Protein chains: 2
Amino acid sequence: MENDFVKELGYFGFTMRLKRINDMLIQEGRKLYKELGVDIEPNWYVIFELLKVHQRLSITEIANRLLLAHPSVITITNKMIKAGYLESGTDKNDNRVRVLKLTEKARKKLPAYEKIWKSGEKGIARAFEDKDALGFLDLMEKTFGQNGFVKLTLDEYRKDQN
Amino acid sequence: MENDFVKELGYFGFTMRLKRINDMLIQEGRKLYKELGVDIEPNWYVIFELLKVHQRLSITEIANRLLLAHPSVITITNKMIKAGYLESGTDKNDNRVRVLKLTEKARKKLPAYEKIWKSGEKGIARAFEDKDALGFLDLMEKTFGQNGFVKLTLDEYRKDQN
DNA sequence: TATATTTGTGTAGTCAACTACATAATTATG
DNA sequence: CATAATTATGTAGTTGACTACACAAATATA
């Protein structure tokens, strides 16, 4: 095991470390499901929860509420349909929209899945204790969101050009 | 623009938000390069810096120092070779290893690229000010690293089973 | 009302990481 | 010294996000 070069870079390695942490979490999530014998993907839980609250939503509505691009939503939900957790119908008033909702199977399995998710939530909350991790996410979203990072960098860049 | 459902979930939405922030940063990085007319990918900078410091490294050495899986390193470096920034030779003592180093082009372009990267670094540092974002990354790495998240969750899970 | 614009969905192709497996070279072992 | 184990690289296939483009339906406009 050699040194972690990225960590040594300070703020210079920020994005790369964030990426690694993120990938780590996804891998861990996959391991967790495997361990518990659950056949769902790490990114499905938000869709489950969203449709539990809002019953019937279109692709676009889901994309807007999760701040995802619509093709991503199509990919995720298609897999969930294939796995039997979602079914799609058509909107009465608009023939373009495809309305998605949870299936019987989804509703039956949900309580068990929610137990897992709640455990994960509690674990994270306890690990961070008083550290205000959510406040940190807020800050990052505000800092990097919509051209934030580009502006930030270009400002510094132009400052140095003089 | 509708509500951000994920944000409402509190710690339950943690991983998803982290993923979003991360993707956001990559997209922003890509935009930045485009704006400045630079033909490199967001994840190349660590390789540049690593090989600037260590001149000649093998695939495995790079993977170890960056904590990446070796196939990821192969993919990245192959693209950099194609773009003319890296060249690979063979190790004298070991015919299996492929040694990578920066090309003339890379060394010539590097100062200009480093100006951009430094600006990004400064921007991030200023945005976080006294917030100790790096300490937060440390904490996340420690918390989620090597089975951390799985253990964390399973502990809570089993606690609730009783 | 005919045409233009917007909106919802879908497809294609890109990028970045991963695991699992294959193969060849080197090193260790019996 | 022959064989076994390890190590370095490479390939294939998966997941998950994205943008750009295409097309059909609905809405707005002239």
Side-chain angles (χ1 to χ4, degrees), chain A residues 1-2 6 15-31 33-34 39-47 57-64 66-83 88-100, chain B residues 2 6 15-31 33-34 39-47 57-64 66-83 88-100 146:
Chain A
M1 191 72 69
E2 295 167 65
V6 181
T15 58
M16 171 102 190
R17 276 174 83 188
L18 204 63
K19 170 98 182 116
R20 287 194 321 202
I21 291 167
N22 191 59
D23 287 334
M24 210 148 66
L25 260 171
I26 295 172
Q27 305 308 324
E28 290 277 308
R30 210 179 293 283
K31 252 189 269 178
Y33 286 139
K34 204 173 176 181
D39 74 321
I40 57 178
E41 304 278 347
N43 54 346
W44 291 6
Y45 80 99
V46 232
I47 307 273
L57 290 176
S58 72
I59 302 283
T60 306
E61 283 166 338
I62 293 174
N64 287 341
L66 301 183
L67 305 190
L68 289 176
H70 83 270
S72 309
V73 175
I74 293 178
T75 314
I76 298 171
T77 52
N78 277 348
K79 280 182 197 158
M80 291 179 75
I81 289 171
K82 209 170 164 186
S88 70
T90 40
D91 189 287
K92 263 187 186 171
N93 307 319
D94 193 330
N95 277 310
R96 295 170 302 176
V97 327
R98 193 154 66 84
V99 180
L100 296 168
Chain B
E2 295 168 64
V6 182
T15 59
M16 172 101 191
R17 276 174 84 186
L18 205 63
K19 171 94 180 119
R20 286 194 320 201
I21 291 167
N22 191 59
D23 287 334
M24 210 148 66
L25 259 171
I26 296 172
Q27 304 308 325
E28 289 277 309
R30 214 178 289 283
K31 252 189 270 177
Y33 286 140
K34 205 173 177 182
D39 74 322
I40 58 178
E41 303 279 348
N43 54 346
W44 291 7
Y45 82 99
V46 233
I47 308 272
L57 290 176
S58 71
I59 301 282
T60 305
E61 283 167 338
I62 293 174
N64 287 340
L66 301 184
L67 305 191
L68 289 176
H70 84 269
S72 310
V73 175
I74 294 178
T75 314
I76 298 171
T77 52
N78 276 348
K79 280 182 196 158
M80 290 179 74
I81 290 171
K82 208 170 164 187
S88 70
T90 41
D91 189 285
K92 264 187 185 169
N93 307 319
D94 194 330
N95 277 309
R96 295 170 302 177
V97 328
R98 193 154 65 84
V99 180
L100 296 168
Q146 43 184 17

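Here the structure is a predicted model, which means the values were calculated and not measured. The sequence lines fix the lettering, A, B, ..., with proteins before strands; numbering per chain opens at 1.
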_Reading DNA chain C from 5' onward, which residue's closest nucleotide shows up sooner: A:Asn78 or A:Asp23?_
A:Asn78
*Between P of C:dG8 and CG of A:Leu100, the distance in whole Å*: 14 Å
*For B:Ile74, answer base if it contacts any base atom (sugar-phosphate contacts may also be present), sugar-phosphate if it contacts only those atoms, and nothing otherwise; contact means non-hydrogen atoms under 4.0 Å.*
base
*Give the rounded distance in Å between these two atoms: CD1 of B:Ile62 and C1' of C:dA17.*
16 Å
*To the nearest angstrom, how far is B:Leu67 atom CG from C:dA16 atom C1'?*
16 Å
*So A:Ile74 and A:Ile59, side chain to side chain contact (heavy atoms under 4.5 Å, CB included) or not? Walk me through it.*
CA-CA 7 Å; A:Ile74 293 178; A:Ile59 302 283; 3.8 Å; yes
*Just to confirm, is there a sub-4.0 Å distance from OP1 or OP2 of D:dA26 to any side-chain nitrogen or oxygen of A:Asn95?*
yes
*asked:* Looking at C:dA16, I'd like to know if its phosphate oxygens (OP1 or OP2) sit under 4.0 Å from a side-chain N or O belonging to B:Lys79.
replied: yes
_Which nucleotide in D:dA12, D:dG16, D:dT9 has an atom nearest any side-chain atom of B:His70_ = D:dT9
_I want to check something: taking the side chain as every heavy atom from C-beta on, are B:Ile62 and B:Ile47 in contact at a cut-off of under 4.5 Å?_
yes
_Distance check needed: D:dT19 C1' versus B:Glu28 CD, whole Å only._
15 Å
*Rounded to the Å, how far apart are B:Ile21 CD1 and D:dA17 P?*
15 Å
*asked:* Is any side-chain heavy atom of B:Ile26 closer than 4.5 Å to one of A:Lys19?
replied: yes
*asked:* For a quick test of reading the model: is some side-chain N or O of B:Ser58 closer than 4.0 Å to OP1 or OP2 of D:dT9?
replied: yes
*Ignoring backbone atoms, establish whether B:Asn43 has a side-chain N or O less than 4.0 Å from OP1 or OP2 of C:dA17.*
yes
*Quick one: do A:Asp23 and B:Asn22 satisfy side chain to side chain contact (heavy atoms under 4.5 Å, CB included)? Show the steps, please.*
CA-CA 10 Å; A:Asp23 287 334; B:Asn22 191 59; 5.6 Å; no
*Applying the side-chain contact (heavy atoms from CB on, under 4.5 Å) test to B:Val73, which of B:Thr77, B:Ile76, B:Thr75 qualifies?*
B:Thr77
*Output the single nucleotide from C:dG8, D:dA8, C:dT26 whose closest atom is nearest the side chain of B:Asp94.*
C:dT26
*asked:* Classify B:Thr75 by what it touches in the nucleic acid, base, sugar-phosphate, or nothing, heavy-atom distance under 4.0 Å.
replied: nothing
*asked:* So A:Ile26, base contact, sugar-phosphate only, or nothing? Heavy-atom distance under 4.0 Å.
replied: nothing
_Heavy-atom nearest nucleotide on DNA chain D for A:Glu41 versus A:Ser72: which residue maps closer to 5'?_
A:Glu41
_Let's see if you can work this out: which of C:dA16, D:dC18, C:dG8 has an atom nearest to the side-chain heavy atoms of A:Pro71?_
D:dC18
_When you compare the side chain of A:Val6 with that of B:Leu67, does any pair of heavy atoms fall below 4.5 Å?_
no
*So which nucleotide from D:dC18, C:dT9, C:dT26 ends up closest to the side chain of A:Ala69?*
D:dC18
*Determine the contact category for A:Arg30: base if any of its heavy atoms lies under 4.0 Å from a base atom, sugar-phosphate if only primed atoms, P, OP1 or OP2 are that close, otherwise nothing.*
sugar-phosphate
*asked:* Output the rounded distance in Å from CG (B:Asp91) to P (D:dA8).
replied: 11 Å
*asked:* What I want to check is whether an N or O donor and acceptor connect the side chain of B:Arg96 with the base of D:dT9 at under 3.5 Å.
replied: no
*Using atom NZ of B:Lys34 as one end and atom P of D:dC18 as the other, report the distance to the nearest whole Å.*
16 Å
*More 5' along DNA chain C: A:Val99 or A:Gln27, using each one's nearest nucleotide?*
A:Val99
*For B:Leu68 and C:dT19, what is the distance between atoms CG and P respectively, to the nearest whole Å?*
11 Å
